[in-house]
Amino acid sequence: MSAPTQASGSAALELRGISKHFGVVRALDAADLTVQYGSVHGLVGENGAGKSTLIKVLAGIHQPDAGTIRVDGVAHASFTPRQIEQAGVHVIHQERILPGSFTVGEALFLGHELHKGPFVNRRAQDREAARLLHTYFGLQLPPQALIRELSSAQQQVVQITRALLAKPRVLIFDEPSVALVQREVTQLLQIVRRLRDEGLAIVYISHYLQEIESLCDTVTVLRNGRHVAQVNPRTTPPYKIAQLMVNRDVGEMYPKTVVPRGAPLLQVRNLHLGGAYRNINLDVHRGEIVGLTGLVGSGVKELVRSIFGLLPPDGGEVQLEEQPLRLRSPVQVARQGVALLPEERRRQGVALDLSVLENTTIASLPRWTRWGWLSRQKEVRETGRQIAQLDIKTPGPDATVRELSGGNQQKVALAKWLSRRSTLYLLDEPSVGIDIGAKVEIYRLIGQLVKDGAGVLILSSDLPELLGLSDRILVMHRGEIVGDFLPKDIDSDSILACATGASSSAIATTPHHEELADALH
């Protein structure tokens with residue numbers, strides 16, 4: 001799978017004193033990184049700590065202002081992208097860079113086409129593409145499928161496989177698991193370990209400290225553009241790494257706000273959608289956080305989309321505060337007080353090229369309008385209030401959202417609905433792709449929502465997150481809710497067993513769950 005490498009333990013990469021400025025912003029400040037062959041080196045830090053900038057300097061996308069890069073002991077002031085790949089260093093970027101109009105076979109062999117005489121042998125490329133995808137990932141993916149037709153996870157798999165074709169000596173993964181489901185993450189980690197065992201040097205960037213702990217041999221912590229620590233994750237627990245990242249005590253990872261449960265807010269009865277879910281019954285009360293989880297294909301995504309009017313159901317009833325919720329369009333649902341924080345925040349949650357102010361007020365324009373005229377003064381006042389309340393780190397209300405870190409983009413997406421004064425919040429993977437500090441802040445904001453009387457339904461594949469935040473946890477399997485748990489009565493393994501259909505005995509049997517447990521048995 002990989003090219004011969006140096007002996008394990010010898011330095012593959014050495015970055016010394018790397019600095020990079022963008023105008024007055026100091027992205028990197030004499031940062032260091034040393035990666036050895038035959039190891040997985042974790043790189044962690046908050047959003048804005050300099051991780052992506054450091055990798056882009058190494059990849060030749062940015063030129064450093066100062067510092068030295070050594071590959072196999074050979075010093076370079078900078079690289080072009082082509083030079084760094086010729087040196088055997090390949091980067092799997094977080095943002096997909098494959099041409100959407102190419103087939104899988106064409107994308108895999110881009111720049112390394114297979115020929116039959118003077119012509120590209122597309123049939124051979126397709127055969128080899130199918131074989132490679134099956135070998136590396138056990139994936140049956142049509143080689144003639146277009147890249148733009150693939151899911152984010154499938155595009156990630158193709159991108160990784162393409163890098164492996166070049167037989168790299170050093171492989172850098174920039175947040176590779178963000179778009180993957182748990183089964184795919186497990187496969188990815190197995191491949192990374194296998195590559196390490198073959199002698200490659202691996203740099204693994206992730207916000208998921210569980211992955212860092214289980215996978216990495218060494219971890220470098222960046223903060224404010226500087227290297228602040230290098231630790232052994234086997235002996236340094238995740239919470240200590242988190243404290244190094246944010247330079248403060250993060251306290252409880254999941255700050256739980258205890259709020260008396262109020263009146264029913266959302267009531268779903270016998271909701272069904274052909275091929276997606278059926279017989280869905282659930283309640284969310286004021287002051288309550290209800291967790292929802294399930295594997296891909298379980299119907300959880302479709303259910304949340306239906307409640308927000310994006311995917312109208314075939315039948316059933318949904319009420320909000322005892323009034324029928326009209327599910328024929330998201331506009332109607334939002335007007336009745338429901339908010340959706342989507343997983344794909346950059347594509348669906350915010351308008352990247354609009355300002356923080358425009359994003360914050362766009363869902364509640366009538367509040368700032370009089371006689372058809374927008375009041376800039378009112379918009380500025382409301383945006384300032386949201387920036388202060390959510391602690392959004394931005395140069396100002398007129399800064400474009402694209403300039404902000406992932407965690408702050410997520411806060412802006414939430415500010416949009418807070419400005420509208422929604423009563424029910426549907427949060428789809430609210431902490432995906434944001435750093436540990438931003439996660440804790442988002443969790444505290446969720447606690448404040450229920451404290452203020454709202455109801456929250458969280459869809460998450462992060463089981464510790466659900467256990468730490470939820471008052472109740474619902475589990476879906478093959479289109480039905482098959483588990484209704486209290487967090488104190490369950491653990492991650494039992495939730496996963498329920499989600500896979502491997503166990504019905506794991507269902508909690510607390511008094512208000514007895515009927516459900518009896519039905520499953």
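Residues take their numbers from the sequence shown, with the count starting at 1.
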Is there a donor-acceptor pair under 3.5 Å between the side chain of [X] and the backbone N or O of [Y]?
X    : Y    : value
S39  : H41  : no
E480 : H477 : no
K20  : Q63  : yes
T293 : S460 : yes
E113 : V120 : no
S355 : A399 : no
E14  : L33  : no
Q410 : P430 : yes
N408 : L404 : no
R234 : T218 : no

What pair of heavy atoms forms the shortest contact from [X] to [Y], and how long is it?
X    : Y    : answer
I473 : I495 : CD1-CD1, 4.1 Å
D72  : R169 : OD2-NH2, 3.2 Å
V228 : L244 : CG2-O, 4.2 Å
A415 : I392 : CB-CD1, 4.4 Å
F485 : C498 : CZ-SG, 4.0 Å
P168 : A163 : CD-O, 3.4 Å

*Going by an N to O cut-off under 4.0 Å, is there a salt bridge joining R305 and E302?*
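Not counted as a salt bridge, because no side-chain N and carboxylate O are separated by less than 4.0 Å.
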*Does the distance from a Lys or Arg side-chain N to an Asp or Glu carboxylate O, for D29 and R26, drop under 4.0 Å?*
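Yes.
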*With the side chain counted from C-beta on, respond yes when L427 and L459 share a heavy-atom pair under 4.5 Å apart, and no when they do not.*
no
*Evaluate the side-chain proximity of M476 to V482: yes if any heavy-atom separation is below 4.5 Å, no if none is.*
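No, too far: nothing below the 4.5 Å cut-off.
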*List in chain and number order the residues that pass ring-ring contact (aromatic ring centres under 6.0 Å, His included) with H90, two or more places apart in sequence or in another chain; answer none if no residue qualifies.*
none
*For Y425, which of L341, L414, I458 qualifies under side-chain contact (heavy atoms from CB on, under 4.5 Å)?*
L414
*side-chain contact (heavy atoms from CB on, under 4.5 Å) evaluation trace for I92 with I172*: CA-CA 6 Å; I92 308 298; I172 300 169; over 6 Å; no
*Worked check of side-chain hydrogen bond (donor to acceptor under 3.5 Å, both in side chains) between R16 and T34*: CA-CA 8 Å; R16 291 286 179 266; T34 300; 2.8 Å; yes
_Evaluate D174 against K51 for salt bridge (Lys or Arg N to Asp or Glu O under 4.0 Å), listing each step before the verdict._
CA-CA 9 Å; D174 186 4; K51 306 183 302 298; over 6 Å; no
*Decide side-chain hydrogen bond (donor to acceptor under 3.5 Å, both in side chains) for E429 and S461; before the verdict, give the C-alpha distance in whole Å, the side-chain angles of both, and the deciding distance to 0.1 Å.*
CA-CA 7 Å; E429 303 287 0; S461 56; 3.0 Å; yes
*Y204 and F173 aromatic ring geometry - parallel, tilted or perpendicular at 30°/60° bounds*: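 Aromatic pair F173/Y204 classed tilted.
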